[in-house]
J.: 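Below you'll find the structure I mean.
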Amino acid sequence: MSANEALAARLHEMSQLMDLLGIDSFRSSAHARAARAIESQSTDIALLASDRKALLAVEGIGPKMADKIIEFCKDGKIKEHAELLEQVPQGLLQLLDIPGLGPKTIRIMWQDGKVTDLAGLEKSIADGSILSLPRMGAKSVEKIKQSIAFIKQQGGAGGDGAAPKRLWIGVAQPIADRVVALLQKAGDPGLKVAFAGSLRRGKETIGDIDILAAPRTPDEAGRIMTAFCKMPGIIGVLVSGDVKASVRVGLEGEFGRWGNETVGSGGGIQMDLKMVPPDSWGAAMMYFTGSKEHNIAMRERARKRGLTLTDYGLFPEDDPDKKLGPPHSRGIKSICPADTEEALFKALEVAYAHPETREDLGEIGWKQTPHLIELPDIKAELHAHTTASDGRMSIEELAENAKARGFHTIAVTDHSQSSAVAGGLKVDRLLEHIENIRKASAKVKGITILAGSEVDILADGQLDYPDDILAKLDIVVASPHAGLSQDPITATARLLRAIENPYIHILGHPTGRQINKRPGLSPDMAKLYAAAKLHNVALEINTHWIRLDLRDIHIRGAMEAGCLLAIDSDVHETVDFDNLRYGILTARRGGVTPDRCINTWDSRKLHAWLNRKRK
DNA sequence: CTTGCGCACAAGCCCCACGTGGACGTGGG
């Protein structure tokens with residue numbers, strides 16, 4: 001967990017504690033909002049907090065919050081947090097993770113039902129006393145029971161307080177693809193089915209998988225619902241009505257088989273299906289895609305124009321006090337077509353925002369839609385390994401694979417000598433490897449094979465080969481692999497030194513973080529961007545879904561600073577090429593345009609750029 | 001607790017579905 005994430009988690013918990021204690025809800029939501037603001041900062045919080053003014057400039061952070069943040073950075077803790085924690089029983093927070101139970105209900109149970117933890121809750125379910133709570137009936141209790149079972153299976157039931165884990169996008173996406181195909185098959189030809197939610201927005205981790213379908217007849221709807229609730233791997237149905245359902249699916253069975261990397265979510269993932277009339281498709285996609293913050297901002301914009309934006313369309317605002325019920329249910333027609341998102345954006349006079357950018361971080365209010373990079377724009381892979389180090393393919397196999405993807409260039413960049421576990425090449429082996437690459441290059445036509453290396457950035461910022469060896473390589477990708485728990489100042493100096501090396505082209509996975517595994521380095525990113533621009537070094541977006549490093553918010557900063565980016569799949573085996581889609585999504589979240597990504601350049605432009613450092 | 005408007009004090013992000021039980025909490029984005 002990075003420092004920013006740790007602080008955000010702390011503030012979020014403070015907000016939850018306030019809810020449980022029944023403290024002023026505005027204070028609570030101010031803390032939740034501050035937590036979100038911290039999460040979307042690309043600067044390491046320790047650096048930000050060294051300048052109180054900069055902290056105050058962040059939307060949602062006022063004087064009191066700034067002091068708490070500074071306190072956290074100095075002492076590693078917030079006194080008020082500890083004080084709140086003292087007033088609430090240990091096991092209570094965990095109950096908030098149970099769907100169906102919110103702060104109000106938990107507070108009542110705690111105050112007069114003597115429930116202070118999961119065991120107490122289970123007891124009150126067992127003896128039926130839970131039913132005496134307001135708004136608690138058989139259906140709600142059943143849902144809670146199922147949720148408890150799921151949480152226990154996830155492993156966190158010991159009371160470690162761990163929030164439910166989010167799945168890597170690379171694990172969630174193939175599952176969603178299969179479900180979409182399955183539902184399409186259950187319907188008639190031409191049925192619209194799509195995934196939405198954070199998956200469609202391309203977030204690096206996914207909480208649940210949202211699927212939208214637009215059946216045209218009740219019969220078709222019935223078949224879709226049945227197929228969804230009975231798909232392979234189902235471990236529980238939470239809700240199933242006529243138009244929506246929520247289920248949990250295990251990752252072990254038919255929809256699992258993701259090798260040993262499925263551990264992220266423990267045992268399963270929630271999937272939500274919603275069915276809508278075809279003429280509401282666009283409005284429903286907007287709603288289901290989110291983000292929540294984007295939706296709210298869009299709906300506010302509608303209200304300012306005397307309109308109401310809902311999941312079904314755009315309506316005249318005829319009922320400000322909301323007494324009459326949703327407009328669509330009263331037979332009122334949308335004032336514009338609601339079958340596409342584009343039509344709704346247009347009617348609200350907002351430039352279309354791609355799903356990946358819908359985070360309410362400035363996209364509403366664009367003069368025009370930016371031209372974001374797309375998958376087919378990528379024409380070169382500049383970071384790949386062969387059997388010479390830890391890859392699975394020979395040079396020729398690698399080149400053939402790249403050619404089949406339509407690339408004009410593939411760079412062979414095996415590990416350098418310090419990466420012993422990855423079979424890094426000593427200088428003599430590297431020289432021999434270069435010869436082999438030249439030979440393969442003569443054999444395989446129709447693609448340029450570059451001789452390169454992924455050179456370790458040593459702890460002090462030196463590169464792992466001397467300059468005269470680097471000079472022999474067509475391309476140098478320099479990456480940090482070890483020493484990833486350095487403090488921010490040392491890490492900054494280390495990476496800056498690497499960027500300043502005259503032979504480096506690309507800074508590979510700059511922070512070395514691995515999602516859900518380790519935080520990696522927290523350098524002063526602004527300094528990195530400036531140096532990369534000055535020395536003409538491209539910053540890598542490593543497309544492996546465990547890395548996605550640079551991450552979205554850092555890419556945003558790099559784009560604003562005018563940097564070049566490289567989107568590379570760090571290929572070790574054939575399937576790694578398929579990770580490109582995650583790199584593209586992440587790049588789009590950061591606002592990358594094709595001109596700024598060196599992998600989109602035509603062969604002449606790219607090679608000229610590489611050669612500028614080889615004179 | 002923050003913001004916005006103005007230098008002290010208000011007001012505070014949207015809309016729908018569901019279950020329960022008659023108005024509100026919760027979850028979905």
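Just so we're on the same page: letters track the sequence lines, and every chain starts at 1. All values below were derived from every heavy atom in this structure, side-chain atoms included, with hydrogens, water molecules and symmetry-related copies excluded.
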J.: Have a look at A:Pro327 and say if it touches a base, only the backbone sugar-phosphate, or nothing, with a 4.0 Å heavy-atom cut-off.
T.: sugar-phosphate
J.: Looking only at non-hydrogen atoms, find the nearest pair between A:Leu348 and A:Leu309 and report the distance.
T.: CD1-CD2, 4.0 Å
J.: Mind checking the P distance from B:dG22 to B:dG29? Whole angstroms is fine.
T.: 29 Å
J.: Hey, which of A:Lys292, A:His294, A:Arg589, A:Lys203 is the one that makes side chain to side chain donor-acceptor pair (under 3.5 Å) with A:Glu359?
T.: A:Arg589
J.: Under 4.0 Å between any heavy atoms, over every strand shown, what does A:Glu59 touch: base, sugar-phosphate, or nothing? Just pick one.
T.: sugar-phosphate
J.: Apply side-chain hydrogen bond (donor to acceptor under 3.5 Å, both in side chains) to the pair A:Asp127 and A:Ser129, showing each step before the final yes or no.
T.: CA-CA 6 Å; A:Asp127 65 20; A:Ser129 60; 2.7 Å; yes
J.: For B:dC9 versus B:dA23, give the span between their C1' atoms, rounded off to a whole number of Å.
T.: 31 Å
J.: Walking along DNA chain B from 5' to 3', note the first and the last nucleotide with an atom under 4.0 Å from a heavy atom of chain A, and give both.
T.: B:dC1 to B:dG29
J.: Using the C1' atom as the point on both nucleotides, what is the distance between B:dC16 and B:dC5, in whole Å?
T.: 34 Å
J.: Which part of the nucleic acid, if any, lies within reach of A:Asp208 when heavy atoms closer than 4.0 Å are counted: base, sugar-phosphate only, or nothing?
T.: sugar-phosphate
J.: Which atom names give the shortest non-hydrogen contact between A:Arg200 and A:Thr289, and what distance separates them?
T.: NH1-OG1, 2.7 Å
J.: Taking only the P atom of each, what is the distance from B:dG4 to B:dC14 in whole angstrom?
T.: 16 Å
J.: Would you sort out whether A:Asp272 and A:Ser246 count as a side-chain hydrogen bond (donor to acceptor under 3.5 Å, both in side chains), showing the intermediate values?
T.: CA-CA 4 Å; A:Asp272 301 329; A:Ser246 287; 2.7 Å; yes
J.: For the residue pair A:Ala284 and A:Val276, what are the closest heavy atoms and their distance?
T.: CB-CG1, 3.6 Å
J.: What nucleic acid atoms does A:His328 come within less than 4.0 Å of, heavy atoms only: base, sugar-phosphate, or nothing?
T.: sugar-phosphate
J.: Going by the side chain to side chain donor-acceptor pair (under 3.5 Å) test, name the single residue among A:Arg36, A:His12, A:Glu13, A:Lys68 that passes it with A:His31.
T.: A:Lys68
J.: Base, sugar-phosphate alone, or nothing: which one does A:Arg201 contact when heavy atoms must sit under 4.0 Å apart?
T.: sugar-phosphate
J.: Which part of the nucleic acid, if any, lies within contact of A:Ala138, taking any heavy atom under 4.0 Å across all strands shown: a base, the sugar-phosphate backbone alone, or nothing?
T.: sugar-phosphate
J.: Which comes earlier along DNA chain B counting from the 5' end, the contact point of A:Ala297 or that of A:Ser291, where each point is its nearest nucleotide?
T.: A:Ala297
J.: Suppose you measure atom P in B:dG12 against the same atom in B:dA8; what distance do you get, rounded to whole Å?
T.: 22 Å
J.: Going by the ring pair (Phe, Tyr, Trp, His ring centres under 6.0 Å) test, which pairs reach into residues 309-346 of chain A, not counting sequence neighbours?
T.: A:Tyr312-A:His328, A:Phe345-A:Tyr352
J.: Is the base of B:dC5 syn or anti, where syn means the angle lies within 90° of 0?
T.: anti
J.: Work out how far the P atom of B:dT20 is from that of B:dT26, and round it to whole angstrom.
T.: 14 Å
J.: Which part of the nucleic acid, if any, lies within contact of A:Lys139, taking any heavy atom under 4.0 Å across all strands shown: a base, the sugar-phosphate backbone alone, or nothing?
T.: sugar-phosphate
J.: Quote, to the nearest angstrom, the P distance that separates B:dC13 from B:dT2.
T.: 15 Å
J.: Under 3.5 Å, is there a donor-acceptor pair between the side chain of A:Arg201 and the main chain of A:Gly290?
T.: no
J.: Would you classify A:Phe26 as touching base, sugar-phosphate or nothing, given that sugar-phosphate means primed atoms plus P, OP1 and OP2, and contacts are heavy atoms under 4.0 Å?
T.: base
J.: Does NZ or CZ of A:Arg10 fall inside the cone over A:Phe72's six-membered ring, less than 6.0 Å from its centre and within 45° of the axis?
T.: no
J.: Only stems of 3 or more consecutive Watson-Crick or G-U pairs count here, both distances under 3.5 Å; name the ones for DNA chain B, or none.
T.: B:1-4 with B:9-12, B:14-19 with B:24-29
J.: Need one value for A:Gln270: base, sugar-phosphate or nothing, where a base atom within 4.0 Å counts as base even if backbone is also close, heavy atoms only.
T.: sugar-phosphate
J.: Between A:Lys104 and A:Leu309, just flag the one whose closest nucleotide in DNA chain B comes earlier from the 5' side.
T.: A:Leu309
